[in-house]
Structures are given as C-alpha cells and as structure tokens.
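For reference, the structure discussed in these notes is given below.
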Amino acid sequence: MTRLRGPWTATAAVTLFLLSACANGSDPGGMIPSYGSASGSAVPTSPDQLVLRVRRSGGLVGNRGQFGAIAPVSIYGDGRVVTPAPVPAIYPGPAMTNLQVQLVSPATLTQLLATGDALLAKGGDVGRSPVQDGTTTTITIKGKSISVYALSEAQPSDPSLSPAQQRRRAELAAFAEQISDLPSALGMATAQPYEPVALAILASPWVKPADGLPSQPAATPWAGPALPGAYLNKGVKQGCFIASGETLRKMLPVAQKAMQNAAWTSGGATWTVKFRPLLPEETGCADLQEPR
C-alpha cells in the first residue's frame, strides 16, 4: 500500500486507531483531526458516486505506464472502499489488475468528508518543491480536487517553501496518509474481491521482455474483439476497448488466467494485453486517460 511520508506520521498512526474505533459511529473524545467546519459534507445518495480519492501520478512512471493506473484508495457514496488487491510475489505477474472492496461506516465516512471539505475550503498556496522527478498527489472530494507536487518526497522543512506552505502541505499529507491507510484500519480480513461489471482491455505492441529468460511463451491467438481497439494515445500505440455483458462473460476467465508476459496475435500483429476492471464511476476508455 502506498504510504505518504511527512511530519504527521505519528498523528496519522493515532488516527488509524481512532478510525477503527469509530467504525461503530463514534469519534472517541472528538480526536479525529478537524480543520474547521464545512457545509455539504453529508454522504451522497448515489452508491456509485466517487466521494473521496487519493492518487499519485507523474514521477518516473511516464504516460504509457499510467494509462489505466488505479489509485491506492477510492471511496464511494455507499461506503465502498475500493483498493488494489495484494499482488502475488511471482514472475511473471498476472495481466489483470485485481481489486478488493471493504465497507466504511456512514458515521466515519461523514467525518472524513467533513474533514476533507474543510481542508479544500481553506485553499492556500502549497508552493512547489525543487525535488526532481517527484510525484503529484491529488486529493479528490466529491468532484473537487487539490494537487500537490512532491507532497511525499519533499522534506517537511524544505527551505524553498514558506512556513505557511509547509503547514498547509503537512495538513494535506496527514489527510492523504489517513485515507491511504484506511484499508488497514478497517482490517484487511474484511476485504472481498471486487466484481467488475465491465473490463477495459488495454493492448500495445508486444516487445520481448528484458527479463533474461531463455525463452518466452508462444503467442496465443486472441479470441476476443480485434486488437488493439481505439488508441488512447496514438503516440504510444496503446489501444483500448470495453468488455461488458456477454463479452465480459467470455473474456473474464481469459483475463483471470493471463500473465503479464503473454503474447497475443490479432490482425497479423502481436500484442501485450492488460486487463483492467472499470471502477463504479467509470463508463469507458476515455476514463482511463489519466490515473484514477
């Protein structure tokens, strides 16, 4: 799980304990961090509405690697907490991104949204650290977002940042860490497999992996719709199409067995394929243009 480093690590650790305690609807001693009052923080009625997300983008990953990337934590209106599932420690790894779901109580979700609303309402200049190749952390709350460059990489006392900027970034880092650690606070034993209603098929030209293996698996004829689908970005030749309904029923068993180094032949070319479940608020390939 992604953890954001910062000066509030100890505070965030305490918050994790409190989050677990308030799963029954209480906040012992009012100790969950509060940054002022905010209106409109009630839990939305739409179960598939994205209400809170923390994601990281940029850095050394590059554009191609981020198409279809999934945020460490996404929280929805019905309390679902969707996160990447643990990846088996094997090589090659699975070609399908597996997700898991937990539930957060309405009381805890309301408190998190109120805290997040208040943080975003404060506004303020977060500055920009001179750290090279840093990531950008984006906190999204009910459609409103704030993005901070090098939030996890910059030193808390970075001299290029003013004291006010350092304090603002510390508050945001603490909240981002709190959300990133929420699955652990809920207890990983409560996680259930995420069952997608649609699956994005991401195809790019096959390149022999530089893994040192003496041979690679033989290419397999592709049995689904013709690859690569519509290009997300012609510059990097990565295509996409969505499998749903009957096509999903046929492709899901293939996706669940496929490995990352598999080669697939379609239309006289050889392709690498990744399988990525659509999240509740996503409807098609356009939603995969940036990390979610």
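The first residue in the sequence is number 1, and the count goes up from there.
Put simply, the side chain of Thr138 does not reach to within 4.5 Å of the side chain of Val54, judged on heavy atoms. Inter-residue side-chain proximity for Pro228 and Lys237 is flagged as unmet; no heavy-atom pair is nearer than 4.5 Å. The closest side-chain heavy-atom distance from Phe241 to Leu199 is not below 4.5 Å. Side-chain contact between Pro277 and Thr97 is present, with at least one heavy-atom pair separated by less than 4.5 Å. Looking at Gln216 and Lys208, their side chains come closer than 4.5 Å, going by heavy atoms from C-beta outward. By the 4.5 Å heavy-atom criterion applied to side chains, Thr272 and Val207 are not counted as neighbours. Between Leu278 and Leu288, the closest side-chain pair of non-hydrogen atoms falls below 4.5 Å. Contact annotation: the side chain of Arg56 approaches that of Ser152 to within less than 4.5 Å [non-hydrogen atoms, C-beta and beyond].
Leu232 contributes atom CG, which lies 5.0 Å from atom SG of Cys240 (distance to the nearest 0.5 angstrom). In this structure, OG on Ser180 lies 13.0 Å from CZ on Arg55, to the nearest 0.5 angstrom. With rounding to the nearest 0.5 angstrom, the CD1 atom of Ile75 is 10.0 Å from the OG1 atom of Thr108.
No donor-acceptor pair closer than 3.5 Å links the side chain of Arg169 to the backbone N or O of Leu161. A side-chain donor-acceptor contact under 3.5 Å links Gln102 to the backbone of Pro183. In terms of modelled atom types and a separation under 3.5 Å, the side chain of Ser162 and the main chain of Gln165 share a donor-acceptor contact. Ser266 places a side-chain N or O within 3.5 Å of a backbone atom of Leu227 that can act as its donor or acceptor partner. Using a distance-only test at 3.5 Å, with no hydrogens or angles considered, a donor-acceptor pair links the side chain of Thr115 to the main chain of Gln111. Between the side chain of Glu171 and the backbone N or O of Arg168, no donor-acceptor pair lies under 3.5 Å. At distances below 3.5 Å, not a single donor-acceptor pair connects side-chain atoms of Tyr149 with backbone N or O atoms of Val126. A donor-acceptor pair under 3.5 Å is absent between the side-chain atoms of Asp158 and the main chain of Ala154, judged by distance alone. The backbone N or O of Ser46 lies less than 3.5 Å from no partner atom in the side chain of Gln49, so there is not a single donor-acceptor pair. When atom types are taken as modelled, the side chain of Thr190 and the backbone of Gly187 share a donor-acceptor pair closer than 3.5 angstrom.
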Query raised in the report: Hey, mind stepping through Glu281 and Asp48 against side chain to side chain contact (heavy atoms under 4.5 Å, CB included) and telling me if it holds?
Result: CA-CA 6 Å; Glu281 84 281 13; Asp48 289 341; 5.8 Å; no
Query raised in the report: When you look at Val273 and Phe275, which way does the side chain to side chain contact (heavy atoms under 4.5 Å, CB included) test go after all the steps?
Result: CA-CA 7 Å; Val273 176; Phe275 304 86; 3.5 Å; yes
Requested in this report: Before giving the answer on side-chain hydrogen bond (donor to acceptor under 3.5 Å, both in side chains), spell out for Glu153 and Ser129 the whole-Å C-alpha distance, their side-chain angles and the decisive distance to 0.1 Å.
Outcome: CA-CA 9 Å; Glu153 294 93 350; Ser129 170; over 6 Å; no
Requested in this report: For the pair Leu252 and Met96, evaluate side chain to side chain contact (heavy atoms under 4.5 Å, CB included) and give the outcome as yes or no after the intermediate values.
Outcome: CA-CA 9 Å; Leu252 198 54; Met96 180 171 172; 3.8 Å; yes
Query - Val51 vs Ile141, side chain to side chain contact (heavy atoms under 4.5 Å, CB included): CA-CA, chis, key distance, verdict - result: CA-CA 5 Å; Val51 296; Ile141 302 170; over 6 Å; no
Query raised in the report: Between Gln260 and Tyr91, is a side-chain hydrogen bond (donor to acceptor under 3.5 Å, both in side chains) present by the stated rule, with each step listed?
Result: CA-CA 9 Å; Gln260 290 177 353; Tyr91 180 84; over 6 Å; no
Requested in this report: Report the C-alpha separation of Ser204 and Gln238 in whole Å, then their side-chain angles, then the decisive distance to 0.1 Å, and conclude whether the side-chain hydrogen bond (donor to acceptor under 3.5 Å, both in side chains) test is met.
Outcome: CA-CA 5 Å; Ser204 56; Gln238 186 166 51; 4.6 Å; no
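Val254 and Tyr194 fall into different hydrophobic clusters, where Ile, Leu, Val, Met, Phe, Trp and Tyr are joined by side-chain heavy atoms under 4.5 Å apart, directly or via other members. Hydrophobic clustering places Leu113 together with Leu120 (ILVMFWY residues linked when any side-chain heavy atoms are closer than 4.5 Å, directly or through intermediates). Clustering ILVMFWY residues whenever any of their side-chain heavy atoms sit less than 4.5 angstrom apart, transitively, puts Phe175 in the very cluster that holds Leu151. When hydrophobic clusters are built by joining Ile, Leu, Val, Met, Phe, Trp and Tyr residues whose side-chain heavy atoms come closer than 4.5 Å, directly or via intermediates, Leu99 is not grouped with Leu103. Cluster membership check: Trp264 does not share its hydrophobic cluster with Ile242, using side-chain heavy-atom separations under 4.5 Å among Ile, Leu, Val, Met, Phe, Trp and Tyr.
Around atom CD of Gln155, no more than 12 heavy atoms belonging to other residues, nucleotides or ligands sit under 6.0 Å away. Remark: Glu246 CD is packed, more than 12 non-hydrogen atoms of other residues, nucleotides or ligands lying under 6.0 Å away.
Listed here is the closest heavy atom pair of Leu279 and Glu282: N-OE1, 2.8 Å. When all heavy atoms of Tyr231 and Gly239 are compared, the closest pair comes out as CD2-N, 3.7 Å. When every heavy atom of Trp206 is checked against every heavy atom of Asn261, the shortest pair comes out as NE1-O, 3.8 Å. Considering all non-hydrogen atoms of both residues, Ala198 and Leu248 come closest at N-CD2, 4.0 Å. Met251 approaches Ala243 most closely through the heavy-atom pair CG-CB, 4.4 Å. Leu172 and Ile139 make their closest contact through O-CD1, 3.8 Å (heavy atoms, listed as atom of the first residue, atom of the second, distance).
No salt bridge links Asp117 with Lys144; every basic N to acidic carboxylate O contact stays at or beyond 4.0 Å.
Here Val197 sits alone; no ILVMFWY side chain lies under 4.5 Å from its own, so it joins no hydrophobic cluster. In this structure, Met259 belongs to a hydrophobic cluster whose other members, linked by side-chain heavy atoms under 4.5 Å apart, are Ile90.
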